[in-house]
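Structure, as structure tokens:
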Amino acid sequence: IVETPQAAARRLSARMLQSGYAPAGLHEYRDADGHPVFWRIRLKHPDTGDKWIRPMQWDGVGYVVGEPSKPEAGSVLYRLPDLLADTAAPVWIVEGETCADALAKAGKRATTSGSSASAEGADWSPLKGRSVIVWPDHDGAGSKYADAVTAKLRVLGCVVQRVDAAAL
């Protein structure tokens, strides 16, 4: 019997769950053809707000903590098949899967490369020439992430707008 990604996430995070963390999400990263590449387990402690975030992959035998080896171009973007389904739509880029999911639920094409430190390791080429709105978190890490993403996208000929989180 093959373990489900949900069961694997519970197993791999069992120690943290026992210490009081609660599940906050299991985010599936898929390639352009819709095949799962890896998942990101997200837990949050209800009292402290501390986060525990780990990648999980299928290694051919079972689910293990870690991301697969990155292709030369970089890691896949979150919600990639959705981005490719309508290449005329503007793409919203945020810092984290939860924000991308919220925008997608509101009918927007949204993605992230993962965390504030993940911009350099991602494959942004599927967004080449697209209209993009970068919405950073309102902190130093968010600003740094937005700067890195914007630089990558401008090289790809994207029209980049940036939300000023301080003005909201």
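The shown structure was predicted, so the numbers you read here are calculated from the model rather than taken from an experiment.
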| Single-linkage hydrophobic cluster, 4.5 Å side-chain cutoff, Trp92 and Leu77 together | no
| remark: Hits for salt bridge (Lys or Arg N to Asp or Glu O under 4.0 Å) against Arg130, two or more places apart or cross-chain, chain-then-number order -> none
| query | How far apart are the closest heavy atoms of Cys158 and Gly129, and which atoms are they? | reply | SG-N, 3.9 Å
| task | Name all residues meeting the side-chain contact (heavy atoms from CB on, under 4.5 Å) criterion together with Ser143; count only those two or more places apart in sequence or in a different chain, and write none if there are none. | result | Asp147, Arg162
| message | Contact between Leu153 and Val159 at the side-chain level, heavy atoms closer than 4.5 Å - yes or no? | response | no
| request: Check whether the side chains of Ser118 and Tyr145 place a donor and an acceptor atom closer than 3.5 Å, and report yes or no. | output: no
| Joint cluster assignment, Val149 & Ile133, ILVMFWY side-chain distance < 4.5 Å | no
| note | Looking only at heavy atoms, the pair that brings Gly142 and Glu95 closest together is CA-OE1, 3.0 Å
| said: Just to verify, what does Tyr29 make a ring-ring contact (aromatic ring centres under 6.0 Å, His included) with, not counting sequence neighbours? | reply: Phe38, Tyr78
| request: Would you please test Ile93 and Val132 for side chain to side chain contact (heavy atoms under 4.5 Å, CB included) and show each step? | output: CA-CA 7 Å; Ile93 299 175; Val132 177; 3.3 Å; yes
| With sequence neighbours excluded, residues passing ring-ring contact (aromatic ring centres under 6.0 Å, His included) with His138 | none
| remark: Ala32 meets the side-chain contact (heavy atoms from CB on, under 4.5 Å) criterion, sequence neighbours left out, with Leu80, Leu84
| said: Once salt bridge (Lys or Arg N to Asp or Glu O under 4.0 Å) is applied, do any residues pair with Arg11, and if so which ones, sequence neighbours excluded? | reply: Glu3
| request: Drop me the distance from Asp123's CG to Ser113's OG, to the nearest 0.5 angstrom. | output: 11.0 Å
| query | What about Tyr21 and Ile53, same hydrophobic cluster or not, with Ile/Leu/Val/Met/Phe/Trp/Tyr joined at side-chain heavy-atom distances under 4.5 Å? | reply | no
| query | For the hydrophobic clusters of this structure (ILVMFWY residues joined by side-chain heavy atoms under 4.5 Å, transitively), does one cluster hold both Met56 and Val2? | reply | yes
| Shortest non-hydrogen separation from Pro46 to Ala22 and the atoms involved | CD-N, 4.4 Å
| Side-chain contact, heavy-atom cut-off 4.5 Å: Gln161 with Val134? | no
| field | Atom pair CD (Glu97) and CZ (Arg40), whose distance is rounded to the nearest 0.5 Å | value | 5.0 Å
| said: My understanding is that only residues two or more places apart in sequence, or in another chain, count here; which of them pass side-chain contact (heavy atoms from CB on, under 4.5 Å) with Thr98? | reply: His27, Arg42
| task | Return the minimal non-hydrogen interatomic distance between Ser75 and Lys70, and the atom names on each side. | result | OG-CE, 3.1 Å
| For Asp101, what residues pass the salt bridge (Lys or Arg N to Asp or Glu O under 4.0 Å) criterion, not counting sequence neighbours? | Arg79
| Would you say the side-chain atoms of Thr112 pair up with the backbone N or O of Val94, donor to acceptor, closer than 3.5 Å? | yes
| Of all pairs that satisfy salt bridge (Lys or Arg N to Asp or Glu O under 4.0 Å), the ones with a partner from residues 45-62, not counting sequence neighbours | none
| Linked, directly or transitively: Met16 and Leu26 (ILVMFWY side chains, under 4.5 Å) | yes
| task | Could you tell me whether the side chain of Leu127 reaches within less than 4.5 Å of the side chain of Leu83, counting heavy atoms only? | result | yes
| message | Tell me every residue that passes salt bridge (Lys or Arg N to Asp or Glu O under 4.0 Å) with Lys108, counting only those two or more places apart in sequence or in another chain. | response | none
| task | With sequence neighbours excluded, tell me which residues meet side-chain contact (heavy atoms from CB on, under 4.5 Å) with Ser13. | result | Leu17, Ile41, Leu43, Trp52
| request: Taking the side chain as every heavy atom from C-beta outward, state whether Arg30 and His35 have any atom pair closer than 4.5 Å. | output: no
| request: Would you confirm whether Ser131, through its side chain, and Pro90, through its main-chain N or O, come within 3.5 Å as a donor-acceptor pair? | output: no
| note | Contacts of Tyr63 meeting ring-ring contact (aromatic ring centres under 6.0 Å, His included) (sequence neighbours excluded), chain-then-number -> Trp39, Trp58
